[in-house]
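Accompanying notes for the structure given below.
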Amino acid sequence: MNPSSHYETLARSMCPIYSFIDLRVESIKNGLYRASIPLSANVQNHLKIFHAGPIWMAAEFLGGLLVLDNVDATRHQPVVAGLKIEFMRPALSDIVAETKFSNEQVDAMRRSLDATGRFDFTAQIVVRDANMTIVAEAEGKYTVKDFSHLLSGG
């Protein structure tokens with residue numbers, strides 16, 4: 001299984017709503033993280049265009065994806081601390097959300113996790129439609145640390 005398929009399957013198993021909205025992992029290469037959601041009845045609003053919620057979810061998902069791709073998820077897990085999003089125009093077609101996370105940022109995350117057990121970061125995220133028109137821009141704030149006590153129910 002290729003890495004994109006692996007993370008897509010993992011995300012869908014951890015959060016079944018990703019299956020419902022058909023979230024897909026498009027890229028985890030060279031610091032470019034990209035996810036897409038096709039326009040369907042499951043993500044449309046009353047006007048038959050993309051509902052704001054799934055657009056938000058596509059943007060928010062990327063922070064977790066880039067963490068899972070770069071750290072040991074049995075030791076450290078990501079959570080969103082906040083996501084500020086501005087909807088620029090209606091999404092009338094499939095959407096693609098993307099962000100970049102450099103090797104320097106990965107190194108900083110790993111150093112911080114090793115030294116303090118925690119890493120906070122901000123991701124700038126752009127969401128485009130099938131015509132590459134920007135439909136939303138978001139700023140996601142994330143925290144990475146050991147949340148295993150929540151996963152074990154303890």
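FYI, side chains are in, hydrogens and waters are out, and symmetry mates aren't considered; it's all heavy atoms of this structure.
- One side chain, Asp72 or Thr74, offers a donor N or O that lies under 3.5 Å from an acceptor on the other.
- Under the ring-ring contact (aromatic ring centres under 6.0 Å, His included) criterion, the residue pairs touching residues 57-100 are Tyr18-Phe61, with sequence neighbours excluded.
- Listed here is the closest heavy atom pair of Ile21 and Pro38: O-CD, 4.2 Å.
- One side chain, Tyr33 or Asp69, offers a donor N or O that lies under 3.5 Å from an acceptor on the other.
- No side-chain heavy atom of Asn131 sits under 4.5 Å from any side-chain heavy atom of Leu92.
- When all heavy atoms of Ala59 and Val127 are compared, the pair lying nearest together is CB-CG2, 4.2 Å.
- Between Val135 and Phe50 there is no side-chain heavy-atom pair separated by less than 4.5 Å.
- No side-chain heavy atom of Gln44 sits under 4.5 Å from any side-chain heavy atom of His51.
- Atom CG of Leu113 is separated from atom NZ of Lys145 by 11.5 Å, given to the nearest 0.5 angstrom.
- The main-chain N or O of Ser4 is never found under 3.5 Å from a side-chain atom of Glu8 such that the two would form a donor-acceptor pair.
- Around atom CG of Leu32, more than 12 heavy atoms belonging to other residues, nucleotides or ligands sit under 6.0 Å away.
- Here CD of Gln105 is found 10.0 Å from OG1 of Thr122. Values are rounded to the nearest 0.5 Å.
- Cluster annotation: Phe101 is connected to Val80 through the hydrophobic network of ILVMFWY side chains, with a link wherever side-chain heavy atoms come within less than 4.5 Å.
- Taking hydrophobic clusters as Ile, Leu, Val, Met, Phe, Trp and Tyr residues chained together by side-chain heavy-atom distances below 4.5 Å, Ile17 does not share a cluster with Val79.
- The existence of a salt bridge linking Arg24 and Asp94 is excluded, since no basic side-chain nitrogen approaches an acidic carboxylate oxygen closer than 4.0 Å.
- The shortest non-hydrogen separation linking Leu68 to Tyr7 is O-OH, 3.3 Å.
- Using a 4.5 Å heavy-atom cutoff, the side chains of Gln77 and Asp146 are in contact.
- A distance-only check finds no donor-acceptor pair linking the side chain of Ser112 to the backbone of Ala108 [under 3.5 Å].
- Although no hydrogens or angles enter the test, the distance criterion places no donor-acceptor pair under 3.5 Å between the side chain of Ser93 and the main chain of Asp129.
- Taking CG from Leu62 and CD1 from Ile28, the interatomic distance works out to 12.0 Å, rounded to the nearest 0.5 Å.
- Here the side chains of Met57 and Leu23 are not in contact, with every heavy-atom distance at 4.5 Å or above.
- When atom types are taken as modelled, the side chain of Thr9 and the backbone of Ser5 share a donor-acceptor pair closer than 3.5 angstrom.
- Tyr142 and Phe119 have their aromatic ring centers separated by at least 6.0 angstrom.
- Val25 and Val126 fall into different hydrophobic clusters, where Ile, Leu, Val, Met, Phe, Trp and Tyr are joined by side-chain heavy atoms under 4.5 Å apart, directly or via other members.
- Salt bridge status for Arg34 with Glu98: present, with a side-chain N to carboxylate O gap under 4.0 Å.
- Minimum interatomic distance between Ile125 and Gly140 (heavy atoms only, all atoms of both residues): CD1-N, 4.3 Å.
- Counting heavy atoms from C-beta on, the side chains of Arg128 and Ile134 come closer than 4.5 Å.
- Side-chain N or O atoms of Asp22 include none that pairs as donor or acceptor with a backbone N or O of Ile37 at under 3.5 Å.
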Hey, mind stepping through Glu139 and Lys141 against salt bridge (Lys or Arg N to Asp or Glu O under 4.0 Å) and telling me if it holds?
-> CA-CA 7 Å; Glu139 179 180 88; Lys141 295 185 182 295; 3.6 Å; yes
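- Closest non-hydrogen pair, Glu26 versus Ser36, comes out as OE2-OG, 2.6 Å.
- Side-chain atoms of Phe121 and Leu66, non-hydrogen and from C-beta on, do get closer than 4.5 Å to each other.
- The two residues Ala91 and Ile55 make their nearest non-hydrogen contact at CB-CD1, 4.1 Å.
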